[in-house]
Number of protein chains: 2
Amino acid sequence: MKESAAKTRILTVASKLFYEQGYNSTGINQIIDEADIARGSLYNHFPSKLDLLSAYIEQAENLWFTALETYLVPIKDPRSKLLAIFDFREEEQSKIAFRGCQFAKVMAELSKDDLRIFEQVSREKDKLKLYIKNLLAQIDLKNPSALTSDMICEAIFLLLEGSTVAASLYKGEASIKNAKTIVAALL
Amino acid sequence: MKESAAKTRILTVASKLFYEQGYNSTGINQIIDEADIARGSLYNHFPSKLDLLSAYIEQAENLWFTALETYLVPIKDPRSKLLAIFDFREEEQSKIAFRGCQFAKVMAELSKDDLRIFEQVSREKDKLKLYIKNLLAQIDLKNPSALTSDMICEAIFLLLEGSTVAASLYKGEASIKNAKTIVAALL
DNA sequence: GTCTATAGCTGGATAGAC
DNA sequence: GTCTATCCAGCTATAGAC
């Protein structure tokens with residue numbers, strides 16, 4: 001059930017370009033040039049550019065989550081694991097010049113009518129929230145802030161998203177480090 | 001020193017379209033159609049599309065900040081003022097179907113080389129942080145979380161940004177309400 | 001399944017009349 | 001300063017040969 005080499009190459013190239021240049025600014029022409037395949041082949045595998053975007057999102061979701069889990073494997077303590085999510089994001093973002101969250105970037109470019117993509121992205125974010133929630137359940141919260149466990153989960157999630165946006169604005173890791181400090185105070 | 005009516009109309013129409021459809025997805029043709037001016041007039045007032053974007057950002061900054069300050073005038077207590085920033089954002093976003101932060105949207109669409117725009121936006125965000133900081137200075141923090149005043153300022157800022165992104169993803173106000181709850185626990 | 005050729009449009013920007 | 005006419009490069013998508 002191996003996918004064609006052409007299809008894989010298209011998706012690889014498109015992922016890179018969608019993220020680096022944006023979806024709207026990346027043309028089919030550039031994709032077929034860099035992937036070195038023919039126009040017709042692309043439309044054979046992906047009926048439209050939006051289908052290609054959808055495939056990119058799906059792949060990126062899987063890759064991102066797998067990378068996060070792998071990063072956290074050596075860390076045993078759940079509290080440290082939660083804090084390390086911010087280290088992971090910092091490393092990841094600094095490698096790519098603080099271009100921001102892949103999914104947030106796509107959403108910002110889409111028309112509000114492209115519901116399919118919005119749902120895909122929100123499913124991914126829900127997966128992350130669930131992952132955070134499970135880690136929180138293993139912690140004996142000292143709870144200095146009188147927030148419920150669910151609300152602390154939300155805080156971690158929002159601080160992660162917010163600090164990524166801020167880091168991409170300021171082109172530096174300071175916001176992500178700050179978010180980690182704030183979360184540490186909440187746990 | 002009144003600006004020409006044409007220029008004003010161009011900027012009004014462009015602002016609306018840039019925000020509703022995105023910068024890249026809005027063409028010069030559509031702008032001149034809806035503003036009902038001639039192609040040449042647009043290029044007379046704005047040498048390039050990027051100059052028009054820059055003018056939009058500048059105007060949006062001023063309008064947004066003025067609207068926030070006006071919203072907060074009737075509220076006297078500084079702690080309530082801080083929390084009301086989230087009410088303001090919620091009202092503002094619900095009016096526009098949770099399309100997200102104007103500035104974040106633009107940044108997500110830009111090439112990383114458009115430094116001029118990045119700097120414009122970061123100046124705006126700095127203004128907001130300073131405003132938050134001044135309000136915080138008037139509060140006697142009970143400080144349950146052992147965070148410095150500067151770090152609480154950062155937390156408010158990051159939660160505001162993060163919850164706006166999340167609200168635009170989920171198309172609802174829940175994230176913004178949650179962010180307010182979290183901030184209330186920090187103050 | 002992969003190719004080339006091209007349709008059909010729209011993009012941003014310019015020239016030159018008035 | 002505002003207009004119309006137009007350039008040319010780019011876009012997404014399709015047709016039809018191999």
Side-chain angles (χ1 to χ4, degrees), chain A residues 1-57 105-106 108-117, chain B residues 1-58 105-117:
Chain A
M1 200 54 190
K2 173 176 166 305
E3 297 200 295
S4 91
K7 186 169 184 176
T8 305
R9 212 157 56 246
I10 293 167
L11 194 50
T12 304
V13 169
S15 297
K16 175 174 163 286
L17 295 178
F18 284 166
Y19 185 50
E20 291 183 359
Q21 310 180 340
Y23 172 70
N24 285 320
S25 308
T26 300
I28 295 289
N29 294 324
Q30 194 184 2
I31 296 173
I32 63 175
D33 279 359
E34 298 199 13
D36 201 34
I37 46 96
R39 199 165 214 77
S41 295
L42 189 150
Y43 281 96
N44 178 49
H45 291 295
F46 303 97
S48 77
K49 195 190 176 189
L50 208 62
D51 288 298
L52 183 51
L53 176 67
S54 181
Y56 154 63
I57 296 283
K105 273 181 85 77
V106 166
E109 279 196 87
L110 287 181
S111 143
K112 64 175 158 49
D113 309 320
D114 300 320
L115 295 175
R116 180 165 133 231
I117 309 288
Chain B
M1 200 47 190
K2 172 175 165 306
E3 298 200 295
S4 91
K7 186 170 183 176
T8 305
R9 214 157 55 245
I10 293 167
L11 193 51
T12 304
V13 168
S15 297
K16 176 174 162 287
L17 295 177
F18 285 166
Y19 184 50
E20 290 183 1
Q21 311 180 341
Y23 172 71
N24 285 321
S25 307
T26 301
I28 295 289
N29 294 323
Q30 193 183 3
I31 296 172
I32 63 175
D33 278 359
E34 298 200 14
D36 201 33
I37 46 96
R39 200 165 211 78
S41 295
L42 189 149
Y43 281 97
N44 179 47
H45 291 296
F46 304 98
S48 78
K49 194 189 176 191
L50 208 62
D51 289 297
L52 183 51
L53 176 67
S54 180
Y56 154 62
I57 296 283
E58 194 184 323
K105 272 180 85 77
V106 165
M107 282 172 27
E109 280 196 84
L110 287 180
S111 142
K112 64 176 158 46
D113 309 320
D114 300 319
L115 295 175
R116 180 164 133 230
I117 309 289

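Convention: sequence-line order gives letters A, B, ...; per-chain numbering from 1.
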Worksheet item: Is a side-chain N or O of A:S54 found less than 3.5 angstrom from the main chain of A:L50, in a donor-acceptor match?
Response: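 Side chain of A:S54 to backbone of A:L50: no pair is present.
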
Which nucleotide, [options], lies nearest any side-chain atom of [X]?
{"X": "A:A38", "options": "D:dT14, C:dT4, D:dT4", "result": "C:dT4"}
{"X": "A:N29", "options": "C:dC3, D:dC11, C:dG11", "result": "D:dC11"}
{"X": "A:S41", "options": "C:dG11, D:dC3, C:dC3", "result": "C:dC3"}

Gap between atoms [atom1] and [atom2], on [X] and [N] respectively (whole Å):
{"X": "B:K7", "N": "D:dT2", "atom1": "NZ", "atom2": "P", "value": "11 Å"}
{"X": "A:I37", "N": "C:dC3", "atom1": "CD1", "atom2": "P", "value": "7 Å"}
{"X": "B:I28", "N": "D:dC3", "atom1": "CD1", "atom2": "P", "value": "15 Å"}
{"X": "B:N24", "N": "C:dT10", "atom1": "CG", "atom2": "C1'", "value": "14 Å"}
{"X": "A:Q21", "N": "D:dG10", "atom1": "CD", "atom2": "P", "value": "13 Å"}
{"X": "A:I32", "N": "C:dT6", "atom1": "CD1", "atom2": "P", "value": "15 Å"}
{"X": "A:R9", "N": "C:dT2", "atom1": "CZ", "atom2": "C1'", "value": "12 Å"}
{"X": "A:L52", "N": "D:dT12", "atom1": "CG", "atom2": "C1'", "value": "12 Å"}

Discussion item. I want to check a possible cation-pi pair here: B:K105 against B:F18, using under 6.0 Å from ring centre and within 45° of the ring axis as the test.
Written reply: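 Negative - B:K105 is either too far from the ring of B:F18 or too far off its axis.
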
Worksheet item: Relative to the 5' end of DNA chain D, which residue comes earlier, A:L50 or B:N44, by the nucleotide with the nearest heavy atom?
Response: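 Looking at the nearest nucleotide for each, B:N44 comes out on the 5' side.
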
Worksheet item: Start at the 5' end of DNA chain D and walk down; is the nucleotide closest to B:H45 or to A:K49 reached first?
Response: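 Upstream on the strand: B:H45.
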
Worksheet item: So, do B:K49 and B:L42 sit near enough that their side-chain heavy atoms are less than 4.5 Å apart?
Response: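 No, too far: nothing below the 4.5 Å cut-off.
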
Discussion item. Are the side chains of B:N24 and A:Y23 in contact, using a 4.5 Å heavy-atom criterion?
Written reply: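 They are not in contact (no side-chain heavy atoms under 4.5 Å apart), so the answer is no.
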
Item to complete: Using distance alone, with no hydrogens and no angle criterion, decide if A:S41 and A:N44 have a side-chain donor and acceptor under 3.5 Å apart.
Response: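 No pair is found: no donor N or O on one side chain lies under 3.5 Å from an acceptor on the other.
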
Worksheet item: Heavy atoms under 4.0 Å, any strand shown: does B:S25 hit a base, just sugar-phosphate, or nothing?
Response: nothing

Discussion item. Under 4.0 Å, counting only non-hydrogen atoms across every strand here, what does A:G40 touch: a base, just sugar-phosphate, or nothing?
Written reply: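 Base contact.
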
